[in-house]
Protein chains: 2
Amino acid sequence: MTMTIRHLIGVDWGTSSLRVARIDERGEAIEERSSPRGTLTVGPGEFPAVLHDACGDWLAQERAMALVSGMAGSRQGWIEAAYVPCPAGFDEVASRLAWVEPGRIGIVPGLSSHHDGVPDVLRGEETQVFGALALLQLSELTAVLPGTHSKWVRVAAGRIDGFATFMTGEVYALLRHQSILARTMETQGDELLDEEAFCAGITRAMKAGSLLKGAFSARTLSLFDLLPARSGASYLSGLVIGEELRSQQFALPNAEVVVIAGTELARRYELALRFAGMRPRCVGSQATWRGLSAIARQLKDTP
Amino acid sequence: MTMTIRHLIGVDWGTSSLRVARIDERGEAIEERSSPRGTLTVGPGEFPAVLHDACGDWLAQERAMALVSGMAGSRQGWIEAAYVPCPAGFDEVASRLAWVEPGRIGIVPGLSSHHDGVPDVLRGEETQVFGALALLQLSELTAVLPGTHSKWVRVAAGRIDGFATFMTGEVYALLRHQSILARTMETQGDELLDEEAFCAGITRAMKAGSLLKGAFSARTLSLFDLLPARSGASYLSGLVIGEELRSQQFALPNAEVVVIAGTELARRYELALRFAGMRPRCVGSQATWRGLSAIARQLKDTP
C-alpha cells in the first residue's frame with residue numbers, strides 16, 4: 001500500500017518503559033513523552049488504552065500513523081509481530097509490519113538468526129540500528145546495544161546480517177545484588193564509576209577466560225584488602241562488560257564499534273572499548289526515532 | 001607437640017551443614033551424625049554449644065580430639081584459621097592448625113594461591129583432597145570439587161600446588177531461579193536429569209565461548225520449541241558445568257580427573273567429564289574423614 005503519512009508517531013515500547021514521540025520529516029523528535037507503562041505492566045487487552053493515555057491527542061490528528069518498536073510485538077505483547085530472518089534490511093522489515101489498524105498503528109517485527117542450529121532473536125534493536133545507519137549515513141557497521149541483554153549487530157550493504165545476545169546486564173545485576181559478591185560491596189553508589197577498578201575488572205576478564213572464574217576475584221581481592229568495598233561494583237561491572245568484549249566475535253582490535261545506548265551505559269562501553277583497543281562511536285536514544293522514520297519512508301516508497 | 005590421640009572426632013563444618021564422625025585408625029567413620037547447624041546459623045560465641053550438642057558425648061571420652069575443617073575456620077566462623085600459601089602438604093597444614101583448645105579441638109587452615117596478582121582461597125577442600133590422596137594412594141592428581149563454588153585442585157609430590165575457584169553452583173542457581181531463563185522452565189523436577197539436554201548444554205558451552213552468550217540459548221531454543229520446559233534446567237546445568245570444563249586449565253583431554261562430591265553432583269560431573277573426553281574417578285564424602293585422619297597422623301608423627 002502507498003502511504004500518505006502526515007504525522008508520524010514513534011512508539012518505543014519495551015518491557016520496563018514506554019516512550020512516544022512526534023517525529024518530523026527529518027526523523028527528529030519534535031516532542032517526546034515517557035511513562036513507566038512498560039509491556040510487563042500492561043495486561044492483555046489494555047494496550048490500546050495505555051497508548052491512548054500516552055498520545056491519544058497525537059493519534060487523533062488526521063493521517064497520523066504510529067509505528068511501534070520493542071517488546072510490544074512479542075508473544076506477551078500487544079499483537080505478535082514476526083521474527084524476520086537475517087539478513088534483513090529496511091525493506092524486509094517494513095514489509096513485515098504487524099498492523100493493529102492497517103495504515104494507522106503498526107508494530108515493527110523483530111529479527112532472528114541461526115548459528116550452529118541455535119536461534120537468536122532481537123526486538124527493538126533492529127530499529128535502533130537502522131536509525132544509527134541513517135544518522136551516521138553508513139551502510140556498513142558493527143554495533144553494540146548494551147543493556148539487560150546486550151546485542152552485538154553486524155550490518156553489511158545496509159542489511160543486518162548477523163547478531164548475538166549476551167546476558168550482560170542481567171548477570172551483572174544478579175551477581176551484584178544476589179550473590180556472595182554483594183557481601184563485600186557497598187550497597188549504594190553504583191552510579192559513581194571508579195574507572196580504575198572498572199578497568200582492572202576488564203583486564204581480569206580478559207585473562208580469566210570465563211566469568212565463572214573471574215567473578216570470584218571480586219571476593220578474594222576484597223578478602224585480602226586489595227579492593228575497597230566502594231569500588232566493588234565498578235570492578236564487577238568491568239568484569240562482566242570485559243567478558244562480553246572478550247567473547248564477542250564481531251569486532252577485531254582497532255575496529256570502529258557504534259555504541260547505541262543512553263549516557264551512563266554508553267560511557268562504560270566507550271571506556272571498555274577504548275581499553276580493549278577498539279574505536280567507539282556513540283549514538284543516543286534518538287536512534288529509535290530515526291529508525292522508525294526510515295521504516296515509515298520505506299512504506300511510502302513501496303507501491 | 002607429640003599427640004596421643006585415642007579417639008579422633010571429625011567435624012565437617014560448612015556454611016549450610018554440620019557433620020561429625022567418630023573416625024577409626026584406618027580413617028574410616030565408625031559412626032556419623034549430621035545437623036543443619038551450618039556456620040551461617042551459628043552466632044558468635046555459640047560454636048562450643050553447637051558442637052557439644054552434636055557430639056558432646058564423644059568429646060567427653062578420654063584423650064578425644066576433634067579436628068574441624070570447613071568454614072568454621074573463616075573470619076565469620078569459630079576462630080579464624082590461617083590461609084596457608086600453596087604449595088602445601090599435610091605437614092604445612094598440620095603445623096598451622098588453629099587450636100580452640102590445644103590438643104583437643106583444632107581447626108584445619110584453608111589454602112591460598114596467587115595468580116597474576118589475584119588471590120584465590122579454599123577452606124575445607126584441602127582436607128577432602130588430602131583424603132582422596134590417602135584413599136587412592138596417590139601423590140599426584142587433578143581433582144574437581146563441585147559445589148556452590150567449584151574448586152579445581154592440582155597435587156604434585158603430595159602437595160597441593162595450585163587451584164582455582166569457579167562460581168558454577170551459585171551462578172546456576174541464580175540463572176535457574178532468578179533470571180529470565182526461569183520463565184521457560186518447569187519450576188520443579190530438577191533432580192531428574194535429562195542427559196540428552198544436559199549434554200546439548202555442554203556442547204553449546206564449548207562453542208559459545210562465554211556463558212553470557214551461551215545462556216541466552218536456553219531462552220531462544222525454548223521460544224522456537226526446540227527445548228521442552230521440562231528439560232530446561234538440565235540444559236542450563238550442562239551449559240554452566242560445560243563452561244567450567246571449557247575454561248579450567250588443569251586437565252587436558254584424556255586426563256584422569258578425581259571428582260570429590262556427593263552422589264548427584266558426582267553423576268553430573270562424571271557425565272560431563274566423559275563427554276569432554278576426560279577420565280573421571282569418583283570419591284565420595286568419606287574423603288573428609290580420611291583427610292582429617294591423615295592430618296591427625298601427621299600431628300602424631302611430629303616431634
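All figures in this text were calculated on a predicted structure; none of them were measured in a lab.
Interface residue B:Lys207: only side-chain heavy atoms are found under 4.5 Å from chain A. In this structure, chain A has a heavy atom under 4.5 Å from the side chain of B:Leu226, while its backbone stays farther away. Residue contact with chain A, scored on non-hydrogen atoms closer than 4.5 Å, involves the side chain of B:Phe224 exclusively. Neither the backbone nor the side chain of B:His177 comes within contact range of chain A; no heavy atom of the residue lies under 4.5 Å from a heavy atom of that chain. For B:Leu181, the part sitting under 4.5 Å from any heavy atom of chain A is the side chain, from C-beta outward, and nothing else. For chain A, the nearby part of B:Ala164 is the side chain; its heavy atoms alone come within less than 4.5 Å. Contacts of B:Val171 with chain A are made by side-chain atoms alone, with heavy-atom separations under 4.5 Å and no backbone atom involved. For a residue to count as touching a neighbouring chain, one of its non-hydrogen atoms must lie under 4.5 Å from one of that chain's; by this rule B:Asp116 touches chain A with the side chain only. When heavy atoms are compared at a cutoff of 4.5 Å, A:Gln178 approaches chain B by way of both its backbone and its side chain.
Enclosure of atom NE2 in B:His115 is not indicated, since only 12 or fewer non-hydrogen atoms of other residues, nucleotides or ligands lie within 6.0 angstrom. Heavy-atom contacts from other residues, nucleotides or ligands closer than 6.0 Å to CD of B:Glu46 number more than 12.
In this pair, B:Trp78 and B:Phe47 present their aromatic rings parallel. The plane angle is below 30°, not in the 30 to 60° band.
Ranked by heavy-atom pairs under 4.5 Å with chain B, the first of A:Thr148, A:Leu175, A:Ile180 is A:Ile180. Taking chain A as the reference chain and counting heavy-atom pairs below 4.5 Å, the highest number among B:Pro119, B:Ser247, B:Ser150 is found for B:Pro119. In terms of heavy-atom pairs under 4.5 Å with chain B, the best-connected choice from A:Gln248, A:Glu244, A:Glu243 is A:Glu243. Among the candidates A:Leu211, A:Thr220, A:Leu221, A:Leu212, the residue making the largest number of heavy-atom pairs closer than 4.5 Å to chain B is A:Leu212.
Between the side chain of B:Lys151 and the backbone N or O of B:Val121 there is at least one donor-acceptor pair closer than 3.5 Å.
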request  = List the steps and the verdict of side chain to side chain donor-acceptor pair (under 3.5 Å) for B:Ser222 and B:Tyr235.
outcome  = CA-CA 11 Å; B:Ser222 162; B:Tyr235 178 75; over 6 Å; no
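Side chains of A:Asp194 and A:Ser231: a donor-acceptor N/O pair is present below 3.5 angstrom, by distance only.
Distance check, rounded to the nearest 0.5 Å: OH of B:Tyr269 to OG1 of B:Thr168 gives 4.5 Å.
No side-chain heavy atom of B:Tyr83 sits less than 4.5 Å from a side-chain heavy atom of B:Leu122.
We find that B:Glu264 and B:Arg268 are joined by a salt bridge, their nearest charged nitrogen and carboxylate oxygen being less than 4.0 Å apart.
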